[in-house]
Amino acid sequence: MDNGNLSSIRLLDALRTAVGDGQLKVYYQPRVDIRTGDVVGAEALLRWSHPTLGSISPAAFIPIAEESGLILPIGEWTLRQACAQAAAWRTAGFDRLVVSVNLSPRQFAQGDVVDTVWSILRETGLPPQQLELEITESMTMDVESAIAILNRLKRLGVRISVDDFGTGYSSLSYLKRFPLHTLKIDKSFIRECTKDENDATIVRTIISMAHNLNLRVVAEGVETKEQLIFLQRQLCDEAQGYLFQRPVSAEELKGMLDSIPNIVRELGVGAAYSERMWMREQLRLARKELEETLRLQQGLTFKYKKVDGRFVITLCGGQLLRRFGVDAEEVVGKHVSEIVAPDEVAPLNEQYQKAWDGEEEVTYEAKVLGVWCLASLTPIRRGGVVVEVVGSAIDITERKRAEEELHRVHKQYKLIVENVTDLISISDAEGNLVYVSPSHRRVLGHSPESMLGMEVLDIIHPEDVPRLLSAFRQSVETNSPYRIALRFRHANGSWVVVDIRGMPVTDERGNLQQMVTVARDATDR
C-alpha cells in the first residue's frame, strides 16, 4: 500500500470515533446583507481537531467520510447541531438569522433526507424558514430525482441554495425548474473579479440571471474592500468571507453581530448611493415585470390621455394586439382616429369621454379593427382631476358569433313553433306557465298572453287532476317523459280532450327546473 492509502485508512479509523469523542465542532461564518450591513445568516462549517494530529482540513476528511458512508451520521449530527444553535439564537432575540447547512451528495441521494430534516426541525423547534440547505450543481445531475427531492424539502418550508455556483455541470435551463431561493457564487470568481474582466463578467451575469429568476445571490470568499464595492455596484444581495469574519464558534459570532455591520458602512459605498442604486434596480424590475405581464396577458391593457381634444394611447400591451394585427409600437403615442377604422372612432370616443369626465367603471362592447371586445375603463385622478384612464379589454368575438347564431336559431325555432298545430307549453317548478304557443288560441280559445303565469291545474278538469299529479311525480322521480289524456277548459266553458306528452327538465342534482309539454287536440278521437 502506498503512503496515501495508508494515510486515508488512519484518518478513517480516527474519524469513526471523532463524533463520540467530541473532536468535531461546528463553526459559523456570517452572511452579510451588503446593502444594509446586517448579519442575516450564518453558514455552518464542520471542523475536526484531533488530539494528536491537530486540526485536520475538511478537504482531507470530508471525501473520506463521503466514500465510507460516515458522512450520513456526521451530516445528521451537523444538521442537528446547527438547527439547535439557530433555535438558541432565536430565543436570544436574533430571530432573523438563517443557518445554512451543506448537504453531501450521499445525504441528498438517500431516501429519508426529507424525513430526517423534518424530524430535526421538530426536535429543535427551529422554524423551517430559518434553515437553508446548500446543495452543489453536481448533485442535481439526475434532474427529475433532484426536482422531486427539492420540492419535498421546499414543502417543509426550508430554503434551498446552490453552493459554488458556476463550477458544476448542470444545465442552466434546469434552474427555473428547481425550487431554489439562493445562488452562491463560487469564491474562484470573486477572487479576481476586480482584476480580471472575464471573472467580472461572469459575476455580473450570474447576479443578473439570478435576479431575473427571483433568486437571491450570495458571494463567497469576499476578502477585500474593492471586492465589496464591486459586488455592491452589481447589486449582489449578500456576501461572506474573511473581510467580515472567519468561521468562528457560535458564542464568538454572537458577540460580533453588532460590530460586523460597521465593516460594510466603513468600507462599502455610502448608504445613500447604495439606496439609489437599489431604487433604480427596483424600478427596472417593476417595469420589466409590467411589460412581461402585458405581453402574456390574454386580453389587452391600455392607458390613454386627452391631448389637444383627442385621446392618445400612452401604454398598450397584451396578446389581443395580435388579433388586431398591430404591435404596441404602432399604437402608443397615436390618436384613436389613427388606429381604428373610421366607423369605429365615434363609438370609442363616446365611451372614452365618459371615463375622462369621471364616470367610474365605464363598461362597453365595441368592434375594434374587426374584433369584438368587452372593455372596461377606470379614470385615474390626481388632485381630484382625471389625468389618465386605464382600460382593459377581452376578445368576445366568439361570444358575439354564438349570440348571433343563437338569435338566428331562436328566430327559426319561433317560426316553427308559432306555425305548428300542437300545443307547446313550458311551466316552472311550481307549475306556473312561462311559455305558451300561439296554437292555444285556436284549440282552447285562450290567448298565449292571458295564460302566462297561470297554474296548469287551473284549466284542467278537477277529476283529471289526481291522474296528472301522479304521472307528474313519477316523471320527475324517474326523469322520464309521461303521456296522459286530460280535459282542458275552453274559453267558452266547454271541455276539450287533449293528449299530452310531458318531459321534465332537471339540473345536475336532479332538481326539477321546468316541465315541457307538447299536446294535441284529441276530442274527435
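Predicted model only: the values in this text are computed from it and were never measured.
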- [ ] In plain terms, say whether R401 and E398 are close enough for a salt bridge, that is, a side-chain N and a carboxylate O under 4.0 Å apart.
- [x] yes

TODO: Measure across H335 and V307 and return the closest heavy-atom pair with its distance rounded to 0.1 Å.
DONE: NE2-O, 4.3 Å

Task: Parallel, tilted or perpendicular, as decided by the 30° and 60° cut-offs, for the rings of W356 and F311 - done: perpendicular

Task: Any side-chain donor near an acceptor of the partner, S392 and T301, under 3.5 Å - done: no

- [ ] Give a yes or no on whether a salt bridge exists between K400 and E365, defined as a side-chain N under 4.0 angstrom from a carboxylate O.
- [x] yes

- [ ] Say whether Q353 and N349, considering side chains only, have a donor N or O and an acceptor N or O under 3.5 Å apart.
- [x] no

Task: Pair S437-H440, side-chain donor/acceptor within less than 3.5 Å - done: yes

Task: Over 12 non-hydrogen atoms of neighbours within 6.0 angstrom of CG in D357 - done: yes

Open item on the list: What's the separation between atom CG in L150 and atom CZ in R155, rounded to the nearest 0.5 Å?
Closed with: 10.5 Å

Open item on the list: So for atom CZ, which belongs to R382, do other residues, nucleotides or ligands contribute more than 12 heavy atoms lying within a distance under 6.0 Å?
Closed with: no

Open item on the list: If we count only N and O atoms by modelled type, under 3.5 Å, do the side chains of E132 and T182 hold a donor and an acceptor together?
Closed with: yes

TODO: Answer yes or no: does atom NZ of K303 have more than 12 heavy-atom neighbours from other residues, nucleotides or ligands under 6.0 Å?
DONE: no

Open item on the list: Please check: side-chain N/O of D38 versus main-chain N/O of V40, any donor-acceptor pairing under 3.5 Å?
Closed with: no

Open item on the list: Taking salt bridge (Lys or Arg N to Asp or Glu O under 4.0 Å) as the definition, give me every residue that meets it alongside E238, ordered by chain and number, with sequence neighbours left out.
Closed with: R31, R216

Task: Test: E403 and R399 ion pair at under 4.0 Å - done: yes

- [ ] Report yes or no: do Q513 and T506 form a side-chain donor-acceptor pair below 3.5 Å?
- [x] no

Open item on the list: Could you check whether any side-chain N or O of S439 sits under 3.5 Å from a backbone N or O of D422, counting only pairs where one atom can act as donor and the other as acceptor?
Closed with: yes

Open item on the list: Do the side chains of D95 and R90 get close enough for a salt bridge, i.e. N-O under 4.0 angstrom?
Closed with: no

TODO: May I ask you to check whether S100 and E134 show a side-chain donor-acceptor distance below 3.5 Å?
DONE: yes

Open item on the list: Does either side chain, that of Q245 or that of Q29, offer a donor lying less than 3.5 Å from an acceptor on the other one?
Closed with: no

Task: salt bridge (Lys or Arg N to Asp or Glu O under 4.0 Å) partners of residues 119-128, not counting sequence neighbours, each pair once - done: R80-E123

- [ ] Please answer whether the main-chain N or O of E197 pairs with a side-chain N or O of T201 as donor and acceptor at a distance below 3.5 Å.
- [x] yes

List the atom pairs, donor and acceptor, that lie under 3.5 Å between side-chain atoms in residues 261-272 and the rest of the protein, sequence neighbours left out.
residue, atom, partner, partner atom, Å
N262, OD1, R265, NH1, 3.0

Task: Electrostatic pair E275-R35, nearest N-O below 4.0 angstrom - done: yes

Open item on the list: Under a 3.5 Å threshold, yes or no: a donor from one side chain and an acceptor from the other, between E43 and N102?
Closed with: yes

TODO: Would you mind checking if R233 and E226 are paired as a salt bridge, meaning a charged N to carboxylate O distance below 4.0 Å?
DONE: no

Task: Donor on one side chain, acceptor on other, T314 and E388, under 3.5 Å - done: no

Task: Side-chain donor or acceptor of D196 paired with backbone N/O of D199 under 3.5 Å - done: yes

